[in-house]
Amino acid sequence: MVSSVFTLICVLHSAIALTCGALMIFYSKEILVFGHGLETASKLQGSTPHDQLLIQTSDSFSGLLLFTIGFLLLMVSLVKDKEFQSFFAKGCVLLHISMAVWRFFFEGKLEDLAHDWPRYAVGDIALAISWVFFLVFSWREKYD
């Protein structure tokens, strides 16, 4: 039962990562407008053609990295070792919480992103909580 919950969480996180990565690669401008609004998106895209190309290339590589993480999550979802699943879930909790803390300390200080970071931090914490639920579920099954 624990393996199927682990697989489900991995597949859901993988779908999120694959979708967001593909959107970042192919629709970075539209995603910026959707996520931050038209005014902030125009500021984040750069003011000179060189800056715009550099930022667009960076966004595409970030999307490719996220897409790759989605595929890795799909591969990890097939692992049936309970100790590895627990270790992996703890690492994911740490990763998501670290991302929320990074948003709090760094994105909160950027004028253009200051109003967006709470929403993104809540998303990071929600993703971490899904792994915490898995850990609690596996702990409960282990000691019952």
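Asp59 is linked by a salt bridge (charged side-chain N to carboxylate O under 4.0 Å, His left out) to nothing, counting only residues two or more places apart in sequence or in another chain. The salt bridge (charged side-chain N to carboxylate O under 4.0 Å, His left out) search around Glu39 returns Lys43, not counting sequence neighbours.
Using bins of under 30°, 30° to 60° and over 60° for the plane-to-plane angle, the ring pair Phe84/Phe87 lands in the tilted bin.
In this structure, Leu78 CG and Leu73 CG are separated by 11.0 Å, a value rounded to the nearest 0.5 Å. Note: Cys10 SG to Met75 CE = 11.5 Å, rounded to the nearest 0.5 Å. A distance of 11.0 Å separates OG1 of Thr68 from CZ of Phe61, quoted to the nearest 0.5 Å. To the nearest 0.5 Å, the span separating CD1 on Ile129 from CD1 on Ile97 amounts to 7.5 Å. Here Ser77 contributes atom OG and Leu8 contributes atom CG; the two are 10.0 Å apart, rounded to the nearest 0.5 Å. Of the inter-residue distances, the one linking Leu65 atom CG with Ser60 atom OG reads 12.5 Å to the nearest 0.5 angstrom.
Using modelled atom types, no side-chain atom of Ser58 and backbone atom of Leu54 make a donor-acceptor pair closer than 3.5 Å. Of the possible polar contacts, one joining the Ser130 side chain to the Leu127 backbone as a donor-acceptor pair under 3.5 Å is found. Side-chain atoms of Thr7 come within 3.5 Å of backbone N or O of Ser3 as a donor-acceptor pair.
Side-chain atoms of Trp117 and Phe106, non-hydrogen and from C-beta on, never get closer than 4.5 Å to each other. Considering only heavy atoms from C-beta on, Leu94 comes within 4.5 Å of Ser98 through its side chain. The shortest distance between side-chain heavy atoms of Phe133 and Val5 does not fall below 4.5 Å. In this structure, Gln85 and Ser138 have side chains that are not in contact, with every pair of non-hydrogen atoms separated by 4.5 Å or more. Proximity of Arg103 to Val122: side-chain heavy atoms (C-beta onward) are nowhere separated by under 4.5 Å.
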Per-pair distances, 0.1 Å, donor-acceptor, side chain in residues 15-38, under 3.5 Å, sequence neighbours excluded:
residue: Thr19; atom: OG1; partner: Ala15; partner atom: O; Å: 2.8
residue: His36; atom: ND1; partner: Asp116; partner atom: OD2; Å: 2.4

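In the hydrophobic cluster analysis, where Ile, Leu, Val, Met, Phe, Trp and Tyr join through side-chain heavy atoms closer than 4.5 angstrom, Ile9 is grouped together with Leu135. At a threshold of 4.5 Å between side-chain heavy atoms, the hydrophobic network of Ile, Leu, Val, Met, Phe, Trp and Tyr places Val11 and Val79 in two separate groups. Grouping the Ile, Leu, Val, Met, Phe, Trp and Tyr side chains by contacts below 4.5 angstrom, directly or via other members, places Phe137 with Phe88. Leu66 and Met99 fall into different hydrophobic clusters, where Ile, Leu, Val, Met, Phe, Trp and Tyr side chains are chained together by heavy-atom contacts under 4.5 Å.
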Inset, instruction - Please lay out, stage by stage, how Trp139 and Phe134 fare under the test side-chain contact (heavy atoms from CB on, under 4.5 Å). - result: CA-CA 8 Å; Trp139 177 77; Phe134 167 75; over 6 Å; no
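Across every non-hydrogen atom of Asp124 and Ala100, the tightest pair is OD2-N, 3.8 Å. Heavy atoms only, all atoms of each residue included: Gln52 and Gly46 are closest at NE2-O, 3.4 Å.
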